[in-house]
Amino acid sequence: MNQNIPLIQMKNIYKWFGKVCALNDVDFEIQRGEVVGLVGENGAGKSTLIKILSGVFYQDKGEIFFQGMKQGNLSVTAVRKLGIETVFQEQALIDCFDVGRNIFLTREPMAHLGPIKVINYKKIYKESQKPLKSLGLGVSPKQEVQYCSGGERQGVAIGRAMQFKAKLVILDEPTRALSIQGVKQVQSFIHKLKENKIAVIYITHDLHHVFQLADRFVVLSRGRKVLETGKEGLTLQDLENKLLKVTTN
C-alpha cells in the first residue's frame, strides 16, 4: 500500500436537510496514524460530516475513498468492516452491562451448548482484558459500566474500537462534561491510539483540549471548510486568532 495515499478522502461533500445546506463542498482527508482536530462551533457541520463517514447519513453529492478505493454509500456495517469506529457523545454504552459485555456489544462471540448457541462470556472477559491493558485502564472486565467514571467510560468505548482492529477512531466531543482527571485520561488514550498507528478524528469546539494532541486542524463554519492547517510553528494563541478570523468573516 502506497503510504502517500490517505487512509480516508472525502471529496466535494454536500448534504442538505430540506432547504438547509448542512455541508457545502467539503473536502477532508486523514493519513494512517494521524490525529486531526475537526473544529467548529455548534451547527458548523462537524457531526454531519462524521455521520456520513460513520454510515449514519448518506451524502447528497461527493465521493469517499478508503485507502485509495472509491466507496459507494457507506452503511454502519460497511464502515465497521473497513475498520472505522465512532465514539459518539452518547458513547452507546449500557450502564447495567459490565465492561467486557460493552466492549463486545452487538458483536458477542458465541459458543455451542449442545444444539443451542449462547454468548461466550469466558472469551469476552479474556479478550476484553487486552484493550483495557493496552490503554492502561484499571477496571475489571466484570465491572458494571454504571460504576465507571466519565474518563473510564470513554476508555471502554475506545477499547471497543481497539478490540476490533480499528484503523480510524472518530471521537465526538470526547471530553465534554469530564473532570480535569477525566480529560487527562482521554488524552492518554489518544496517545495510545497514535502509538498503535490508529488514526483519530477528534471533534471539538474547544481548542484547548485538542491542541496538544492533533497533528493538523480542519475548521468548519456554516457547513464550509474555512481553514486547514498543520500545527508546526503555531502556538495555541496563533490558532485561536486564525479561527476567530475565518469564523467571523
Charged tip of Arg107 within 45° of Phe164 ring normal and under 6.0 Å: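 Flagged: Arg107 positioned over aromatic ring of Phe164.
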
Geometric cation-pi criterion Lys11 and Phe65, 6.0 Å radius, 45° cone: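 Because its charged atom sits under 6.0 Å from the ring centre and within 45° of the axis, Lys11 does stack over Phe65.
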
Kindly compute the distance separating [atom1] ([X]) from [atom2] ([Y]), expressed to the nearest 0.5 Å.
{"X": "Phe88", "Y": "Leu93", "atom1": "CZ", "atom2": "CG", "answer": "13.0 Å"}
{"X": "Ile198", "Y": "Lys167", "atom1": "CD1", "atom2": "NZ", "answer": "10.0 Å"}
{"X": "Asn24", "Y": "Ile13", "atom1": "CG", "atom2": "CD1", "answer": "12.0 Å"}
{"X": "Leu243", "Y": "Phe217", "atom1": "CG", "atom2": "CZ", "answer": "10.5 Å"}
{"X": "Glu108", "Y": "Tyr121", "atom1": "CD", "atom2": "OH", "answer": "7.5 Å"}
{"X": "Lys192", "Y": "Gln187", "atom1": "NZ", "atom2": "CD", "answer": "14.5 Å"}

Chi angles and distances behind the side chain to side chain contact (heavy atoms under 4.5 Å, CB included) call for Ile170, Ile203: CA-CA 8 Å; Ile170 302 168; Ile203 306 166; 3.9 Å; yes

Heavy atoms of other groups near Arg216 CZ, more than 12 under 6.0 Å: yes

Tyr147 OH: over 12 foreign heavy atoms closer than 6.0 Å: no

To check you understand the geometry: which heavy-atom pair defines the closest contact between [X] and [Y], and what is its length?
{"X": "Arg160", "Y": "Ile103", "value": "CG-O, 3.1 Å"}
{"X": "Leu137", "Y": "Gly155", "value": "CD2-C, 3.7 Å"}
{"X": "Gly33", "Y": "Lys194", "value": "O-CG, 3.6 Å"}
{"X": "Gly151", "Y": "Leu178", "value": "N-CD2, 3.9 Å"}
{"X": "Ser47", "Y": "Asp172", "value": "OG-OD2, 3.8 Å"}
{"X": "Gly233", "Y": "Asp238", "value": "O-OD2, 4.0 Å"}

Taking the side chain from [X] and the backbone from [Y], do they hold a donor-acceptor pair closer than 3.5 Å?
{"X": "Asp27", "Y": "Asn12", "value": "yes"}
{"X": "Gln154", "Y": "Pro174", "value": "yes"}
{"X": "Asp206", "Y": "His208", "value": "yes"}
{"X": "Glu152", "Y": "Gly150", "value": "no"}
{"X": "Lys46", "Y": "Gly40", "value": "yes"}
{"X": "Arg222", "Y": "Gly43", "value": "no"}
{"X": "Lys231", "Y": "Phe211", "value": "yes"}
{"X": "Lys142", "Y": "Gly100", "value": "no"}

Heavy-atom side-chain contact between [X] and [Y] under 4.5 Å:
{"X": "Leu239", "Y": "Val39", "answer": "no"}
{"X": "Phe104", "Y": "Gln163", "answer": "yes"}
{"X": "Val36", "Y": "Phe28", "answer": "yes"}
{"X": "Lys225", "Y": "Leu49", "answer": "no"}
{"X": "Met10", "Y": "Ile52", "answer": "yes"}
{"X": "Glu144", "Y": "Arg101", "answer": "no"}
{"X": "Thr86", "Y": "Val79", "answer": "no"}
{"X": "Leu168", "Y": "Leu82", "answer": "no"}

Kindly work out whether a path of hydrophobic side-chain contacts (I/L/V/M/F/W/Y, heavy atoms less than 4.5 Å apart) joins [X] to [Y].
{"X": "Val219", "Y": "Leu236", "result": "yes"}
{"X": "Val26", "Y": "Phe17", "result": "yes"}
{"X": "Tyr58", "Y": "Ile64", "result": "no"}
{"X": "Val56", "Y": "Leu105", "result": "no"}
{"X": "Phe57", "Y": "Tyr14", "result": "no"}

Side chain to side chain contact (heavy atoms under 4.5 Å, CB included) evaluation trace for Met162 with Leu193: CA-CA 8 Å; Met162 294 183 72; Leu193 292 174; 3.6 Å; yes

Test log, rule side chain to side chain contact (heavy atoms under 4.5 Å, CB included), inputs Ile84 and Ile8: CA-CA 10 Å; Ile84 300 171; Ile8 296 289; 3.7 Å; yes

Side-chain donor-acceptor pair present, Thr175, His209, cut-off under 3.5 Å: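 Note: Thr175 and His209 side chains meet the donor-acceptor criterion.
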
Chi angles and distances behind the side chain to side chain contact (heavy atoms under 4.5 Å, CB included) call for Leu7, Gln67: CA-CA 5 Å; Leu7 179 66; Gln67 297 183 154; 3.8 Å; yes

Residue among Asp95, Val99, Asn102 satisfying side chain to side chain contact (heavy atoms under 4.5 Å, CB included) with Arg153: Asp95

